[in-house]
2 protein chains.
Amino acid sequence: MSLRIGLVGLGTIARAQHLPAIAATDGLTLTAIASRNATLEGVANHRDVTQMLGDVDAVSLCTPPQGRFDQAMAVLRAGRHLMLEKPPGATLSEMAVLEAEAARQGVTIHATWHSREAAAVDAARDWLATTRIRAVRIDWCEDVRKWHPGQEWIWQPGGLGVFDPGINALSILTALIPGVRLVGADLHIPANRQTPIAADLSLDAGHPIAAHFDWRVTGGETWQIAFDTDAGAATLSEGGARFTAPGLETAGENREYARLYARFRDLVAAGDSDLDLAPLRLVADAFLTGRQHAAPAFEDNP
Amino acid sequence: MSLRIGLVGLGTIARAQHLPAIAATDGLTLTAIASRNATLEGVANHRDVTQMLGDVDAVSLCTPPQGRFDQAMAVLRAGRHLMLEKPPGATLSEMAVLEAEAARQGVTIHATWHSREAAAVDAARDWLATTRIRAVRIDWCEDVRKWHPGQEWIWQPGGLGVFDPGINALSILTALIPGVRLVGADLHIPANRQTPIAADLSLDAGHPIAAHFDWRVTGGETWQIAFDTDAGAATLSEGGARFTAPGLETAGENREYARLYARFRDLVAAGDSDLDLAPLRLVADAFLTGRQHAAPAFEDNP
């Protein structure tokens, strides 16, 4: 019997990734959409998540994290399973409330981190298990105007700023290396904004980890994690799609969202949940303890 | 057999609260002190926590949270039980590392929240259980120059600012009311400082909770939590020492630290831990999602 799933939010990420991944996943059937300003043929279309609950066994939320708590609670209180696009919520405290409600209802909650499913992450994990890490260097640098054109919410309090992409790096890091803690952070916040446009993190897991996140890079965008190990240098690049180490190069097709939906289906079948908040916890720690620096004002259309 | 305990940090709070409380607790014996600039008669005096570990079964850390991680790890790795003054650490991620290490070693870790042990908190809990809360209002307002004269660390990144006292209010709140989440925050940060001198929090637990923390109050200092309930108005005041409700007034002697040490002793005896991070999580959420406002520069000696 197929699990009837509904999708809330029908923006770019939903159309590019979620819809094809659901269609490609055995045992899942998209039966409803909730969106204020978009519709999809062939399924029930609703304006609001509460109206869709009769049509579904599970709900996948792709809306921005700031307004998501009420939607998530409505899903759980109706006894429906819940899958969350990253980051899973706006705060750690609301995630604790959702976790408790999911347990109370006996339903699955799955906080997804799509970058963990990138093509070469498993290969990196396997190779790293054969050696000892001495140090790690993360560079996650991109052009915010290209990836978030006109998106005001990323600059609002809680919008995470450059940590919106940076949390993807942290999600891979914490999947590869246990016990990562934040030691210090420098946050560069534009004078006319509330969230950082760049950040440097000092982390530790028995060896040092440095991370540089920058949204001001217009040429030579980079999403990579470099490992200095006893067996030589290795690099997970292209956001996790490619891994190179001495004598090894691996890359593959992007199946991130297909893997996430297959895992959600399996979690529901097994009656389990997967709510790893380590990436969001590191971001919260960076805001909690980071040193703030004033950066030049940022305008979307300079 | 008495548990041999060592104290790290011999500052104001250690002398005023920890030493008398340990002395008053059956089953605990102070056997060592670690301090860089102070000594105590009648016990082994060390400069550093690592040197004291042979003299003790358990260690209580009273040092500021920013430099505490290495000390805490040294204690746990030596298989000693660990008690932490509030706040338990500088970050949530380091607390997760400590929790894992304590579990690995099979020792007790106890993150203490002294305000939860204030004289009237239990009476407040009992009374609130008989009614329904409609709304809560917290006012935690004091004079920073009086309580933290010349203490630069409170203004450094990670020093928490006004959340250093405010987290006491949040520790009481989360002990009385489950499922509290942060909805929004306004942080007022002096132009020459890194941490807030005042903060307004909007919280929710099925009913609204408003909190006002202010370090600029020189007359009429206030540490109180006011409850609007179906049974009328009630107030927990004087930092938790007094509770008033319709037909009820209760207050008592301050035994906060004696209660903490008795609980630590019992946790060790039972092989349990108590590591409730909910108060620190709410503070991290406030930094993560709070709107920042520039406040006038603050000088210790204006």
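A, B, ... follow the sequence lines: proteins, then strands. Residue 1 opens every chain.
Within the 4.5 angstrom heavy-atom criterion, no atom of Gln66(B) approaches chain A. For Leu182(A), the parts sitting under 4.5 Å from any heavy atom of chain B are the backbone and the side chain alike. Both the backbone and the side chain of Val283(A) come within contact range of chain B, each with at least one heavy atom under 4.5 Å from a heavy atom of that chain. Using a 4.5 Å cut-off between heavy atoms, Gln156(A) contacts chain B through its side chain alone, with no backbone atom that close. No part of Val183(B) comes within reach of chain A, as not one of its non-hydrogen atoms sits under 4.5 angstrom from that chain. Contact of Leu160(B) with chain A is made through the side chain alone, with heavy-atom distances under 4.5 Å. Interface residue Arg281(B): only side-chain heavy atoms are found under 4.5 Å from chain A. Looking at Phe69(A), the atoms closer than 4.5 Å to chain B (heavy atoms on both sides) all sit in the side chain, from C-beta outward.
Asp285(B) contributes no side-chain N or O that, together with a main-chain N or O of Thr91(A), makes up a donor-acceptor pair within less than 3.5 Å.
Under the 4.5 Å side-chain criterion, counting only non-hydrogen atoms from C-beta, Met95(B) is not in contact with Arg181(A). Annotation: side chain of Leu92(A) is in contact with side chain of Leu92(B) (closest heavy-atom distance under 4.5 Å).
If you tally non-hydrogen atom pairs under 4.5 Å between each of Ala205(B), Ser93(B), Ala96(B) and chain A, the highest count goes to Ser93(B). Most heavy-atom pairs under 4.5 Å with chain A, from the set Ala278(B), Gly184(B), Ala100(B), Gly290(B): that is Gly290(B).
Here the shortest heavy-atom pairing between Thr289(B) and Pro157(A) reads O-CB, 3.1 Å. In terms of heavy atoms, Gln292(B) sits closest to Gln194(A) at N-OE1, 2.9 Å.
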